[in-house]
Amino acid sequence: MTNTTAEKQAHWSTLQESGTIRGILLLLWLQRVFGRRFFNILLYPIMAYFFLLNRRARAASLEFLRTHAQQYPAYWQGKIPGYSDVFRHMYAFGQCILDKLLAWSTPINEQDFEIANEPLLAQFMAKTKGQLIIGSHLGNLEYCRGFVQRYKARTINALVYDQHSANFVMAMQKINPQSRIHIYQVNELDIPLILQLKAKIDNGEWLFIAGDRIPLSGEARTVTVDFLGRPAQLPIGPYMLAKVLQCEVQLMFSYRQAHKIYFELVPFAEQVTLPRKDGGAQLHAYAQQYASALEQQAARAPLQWFNFYPYWASSQSATESVAKAEAAAHD
C-alpha cells in the first residue's frame, strides 16, 4: 500500500501538541498544593477548551466510541455514544497526562494498583532473562514504567516516538531527568541500535515497544487485522524485532479504573518465529493475537483509548464525514 497525501495528513505523528511546558508544570503544581480533587475540578474547563478547539480529535473519539458500542452494546446499555461521551473520553486523557507526571515526581504506593493474576506477575518479576514487552496507547503504561524502574530495580528500555509532544517531554525532564533515561526514538531504529538492544536483552533488561500505531515509515510495514470488527493496520515491527532478539515476549496493559491503576500481564510467545515461506501467515497471526488481546482490554475500558486520530483503514473518510456533518450542524 502506498503513502497517500491523505494518509500522511492523518498519521498520528503529524498531530500538533496542545499545551505548553509552563501550563503542564502549573497543573502539576496545583495538584501538589491543592490535591487531586481540586485538579479534577480544574480539569473540566481545560478539557472543555481542547474539546471545542480540536475537531479532528472529537471526530476520531466519536468514531472509536461508536465502533466500540456496535461491538459491545452492553457496556453502553443500548445507548449510542454522543459528544458528552467524547468529552468524558478527553477528560480521561487529561487525567492520564497528570498520572504520567506523577509517576516520576511523587511516591507511588503498590496499593494504588489493581493487579490481575498476581501469581503470574510474581513469576514474571522473578525472571532474570531479558523480555520484550509489547504495550499500547490504551491507558497509561508510563505509570508502570516509572513504578517498576523506581521501586523494582528493573531497567526498562523504551522504543518511542515522542518528538510530536516535545513540550510534555521537556516537562517530564524538568520534574525528573531519570524519566528520559533508556528512551530510544523509533525513527532511529537501525542495525547498530538493534545490536545495542540485543545486548541489553542478553543482560536481562526489559525492552518496551507499542504495537498499536502505524510506524513512521507508513503502511508499508503493517499488516491488516480485525480490531473491534473493522480492518485495522498494525505495525509488524514488534514481531520482526522479537525474532531478531530471540527472547520471550509479553503483553502489558495498564489503565485507570476509578481510583486504581489496573495492571495485567499477558503471556504472548516463548519465542517469535517467522517462517520465510508461509507468505506472512505467522506474522499476521501474531498481529491478530495482539489485536484480540488489546480489544479484550478496550472492551472493558473504552475511555482509556488514547489514539485521537483516524484509526481504522477506512477512518479517513468516516472521520471526515463526522467532521463535515458536525460543521454542517453548526452552519
Side-chain angles (χ1 to χ4, degrees), residues 31 36-37 39-40 68 72 74-75 89 92-160 172 176 178-179 182-183 201 204-212 238 242 247-270 289-307:
Q31 190 275 339
R36 183 85 187 208
R37 182 172 295 181
F39 174 86
N40 288 342
H68 183 278
Y72 301 97
Y75 178 90
H89 193 188
F93 180 65
Q95 290 199 314
C96 175
I97 294 295
L98 175 65
D99 285 337
K100 287 183 179 183
L101 296 172
L102 294 177
W104 292 97
S105 60
T106 60
I108 301 176
N109 193 321
E110 289 197 38
Q111 302 304 317
D112 293 340
F113 291 89
E114 178 189 347
I115 307 294
N117 199 342
E118 290 197 38
L120 177 67
L121 181 62
Q123 190 180 4
F124 171 70
M125 294 296 291
K127 291 185 177 183
T128 56
K129 291 185 177 179
Q131 308 274 330
L132 177 66
I133 299 166
I134 306 178
S136 69
H137 295 84
L138 175 82
N140 189 358
L141 273 179
E142 185 66 31
Y143 196 84
C144 292
R145 190 173 78 88
F147 175 73
V148 172
Q149 195 149 306
R150 291 171 69 191
Y151 299 104
K152 298 296 183 183
R154 287 284 189 174
T155 300
I156 304 179
N157 305 279
L159 296 177
V160 301
M172 290 273 286
N176 188 341
Q178 294 290 320
S179 67
H182 308 299
I183 293 289
I201 289 290
E205 297 181 13
W206 295 356
L207 175 63
F208 171 82
I209 187 171
D212 62 332
C247 63
E248 200 170 324
V249 183
Q250 319 284 347
L251 307 184
M252 198 173 275
F253 300 99
S254 174
Y255 45 86
R256 178 167 285 280
Q257 280 194 325
H259 301 296
K260 294 245 181 180
I261 301 292
Y262 178 82
F263 181 89
E264 182 169 0
L265 180 78
V266 179
F268 186 77
E270 289 289 328
Q289 181 183 346
Y290 168 83
S292 299
L294 178 61
E295 177 171 333
Q296 193 174 355
Q297 302 292 334
R300 292 201 291 257
L303 299 184
Q304 293 291 304
W305 176 259
F306 299 139
N307 286 311

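A quick note: this is a predicted structure, and the numbers were derived from the prediction, not measured.
- Among pairs with a residue in residues 115-124, none fulfils salt bridge (Lys or Arg N to Asp or Glu O under 4.0 Å), at least two apart in sequence or across chains.
- One N or O on the side chain of H89 and one on the backbone of W305 form a donor-acceptor pair closer than 3.5 Å.
- The CD atom of Q257 sits 6.0 Å away from atom CD of E114, with the distance rounded to the nearest 0.5 Å.
- Across all non-hydrogen atoms, the minimal contact from Y262 to A116 is OH-CB, 3.3 Å.
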Requested in this report: Show your working on side-chain contact (heavy atoms from CB on, under 4.5 Å) between F124 and I133 and close with a plain yes or no.
Outcome: CA-CA 11 Å; F124 171 70; I133 299 166; 4.1 Å; yes

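- Between the side chain of D212 and the backbone N or O of S136 there is no donor-acceptor pair closer than 3.5 Å.
- Considering all non-hydrogen atoms of both residues, L303 and F306 come closest at O-CE2, 3.4 Å.
- The CG atom of L132 sits 12.5 Å away from atom CH2 of W206, with the distance rounded to the nearest 0.5 Å.
- Among L294, L265, I134, the one residue that satisfies the side chain to side chain contact (heavy atoms under 4.5 Å, CB included) test with L251 is I134.
- Across all their heavy atoms, R256 and I261 have their closest contact at NH2-CD1, 3.9 Å.
- Under a cut-off of 6.0 angstrom, the local environment of NZ in K260 is crowded, with over 12 non-hydrogen atoms contributed by other residues, nucleotides or ligands.
- Remark: Y72 pairs with E295 by the side chain to side chain donor-acceptor pair (under 3.5 Å) rule, at least two apart or across chains.
- The heavy-atom pair separating L138 from A301 by the smallest distance is CD1-O, 3.8 Å.
- Atom CD of Q95 is separated from atom CG of L102 by 10.5 Å, given to the nearest 0.5 angstrom.
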Requested in this report: Tell me, with the steps shown, if R36 and H259 meet side-chain contact (heavy atoms from CB on, under 4.5 Å).
Outcome: CA-CA 11 Å; R36 183 85 187 208; H259 301 296; over 6 Å; no

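- Separation of atoms CZ (F208) and CG (L159) is listed at 9.0 Å; rounding is to 0.5 Å.
- Residues Y290 and G211 come closest through the heavy atom pair CE2-O, 3.2 Å.
- Atom CG of N140 is separated from atom CG of L98 by 10.0 Å, given to the nearest 0.5 angstrom.
- The closest side-chain heavy-atom distance from Q250 to K127 is below 4.5 Å.
- Between G139 and C96 the shortest heavy-atom distance is O-SG, 3.8 Å.
- Under a 3.5 Å cut-off, the side chain of Q289 and the backbone N or O of F268 do form a donor-acceptor pair.
- Once rounded to the nearest 0.5 Å, the distance linking OH of Y255 with CZ of R300 reads 4.0 Å.
- In this structure, the side chain of H68 engages the main chain of A298 through a donor-acceptor pair within 3.5 Å.
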